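Note: hydrogens, waters and symmetry copies are ignored here, and every other heavy atom, side chains too, is used. Since this is a predicted model, take the numbers as computed values, not measurements. In listed order, ligands and their atoms are each counted from 1.
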Amino acid sequence: MDRNATKEKSYLIDSLSQGYLPEPEELITLLEGGIDEYLFQKANEMTLERKGKKVDIRAILEFSNYCRCRCTYCGLSAENPNVNRYRLSEEDIVKTTLEAAQAGYRTIVLQSGEDLFYTEEKICKIVRKIKAQSDISITLSIGERPYQELSAMRKAGADRFLLKHETSDEDFYKEIHKGDLLKDRVDTQKNLKSLGYETGGGFMIGIPGQTLQMIAGDLLLIREIGCEMAGIGPFISHEDTPLRGQKSGDPLLTRRTVAIARLLLPDANLPATTSLGVIDSSQLDLIFKNGANVIMRKVTPWSERTKYEIYPTNFGEEKDIKTARTELEKYIESLDRIPV
Ligand code: SF4
């Protein structure tokens, strides 16, 4: 890269660090690479300034793998007949969450496919029961729901809501979400914000058909919505989907995107996604120096855990919740970070 281009890119990175709102074309120049070391350094500085060395460990409980949607990239799609479907009972969801709280977790993500079996009443009841017995923060990740339902769940005690938008390109959204509308998703995210949820968004890197222009749009969308959390991880193909056999997303481009997200959203929580570790565990180590400050650990009962596969996952060996958490804390400390 010539000297002028390097100078322009480093000037842009400095401007982003100072709150500049870029044009999509400017973000594309950074996504193309060429000045990664400086980008990662600035993202790391911003992370240390806003978050310190702390890495937030969050528990994730996948309570149902039923889903009414047909996303082309997802192993849990309603169109996949090979999924061994399960639903956890309300009692098991509450019991597992309380076990996670006892093991030291301060946040639980209750995640499922879009499964309307869990009505507003059921979710509210679960949230209230958990809140009556612990002070763990509850993040819901259950797909799109109407405003009234989201409002009731918030009143019941849900603190956060995770709803990835996956792509900011309307046509591409229709393609990968098979006919659903991006507008509905973004409207739901705006509803969540207005209801006082801490709102999480996010998207994949490298899904076939995605362009750098789209990634730039994704970054600007999470900034526009004001997401307090953004999950950005590489695409991994699942063999039971129409995208079987396709190349995985590029870990380096993923890290670049997370670093830019850190500069655009200095206070956001940016997880090191599991999918990055599945592709290459060394990339997972690096991402904590590129802007990430959160990691999630599954607490889903082992009897069901391997049935929740959005993409092929390395589940590792069976361990209880406390042991798995202790090991994760040691891993974070080995990266010169402080687990919280
Ligand atoms: S990505 Fe989510 S909404 Fe889409 S099929 Fe998978 S679980 Fe369902």
- Message: Given 3.5 Å as the limit, does a donor-acceptor pair link the side chain of S134 with the main chain of K131, or not?
- Response: no
- For atom 6 (Fe) of ligand 1, which protein N/O/S atoms are closer than 2.8 Å? C74 SG
- Is it possible for you to check whether R87 lies under 6.0 Å from the centre of the six-membered ring of F117, through NZ or CZ, and within 45° of that ring's axis?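 Ring-cation test returns yes.
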- Under 4.0 Å between a Lys/Arg side-chain N and an Asp/Glu carboxylate O for E327 and K330? no
- Can R185 and E114 be counted as an ion pair, charged N to O under 4.0 angstrom?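 E114 and R185: salt-bridged.
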- Side chains of E37 and Q41, donor plus acceptor under 3.5 Å: no
- Query: Does the side chain of Y20 come under 3.5 Å of the side chain of D14 through a donor N or O and an acceptor N or O?
  - Reply: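 The criterion, which ignores hydrogens and geometry beyond distance, is not satisfied for D14 and Y20.
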- Task: Verify the contact flag for atom 2 (Fe) of ligand 1, where contact means a protein heavy atom under 4.0 Å away.
- Result: no
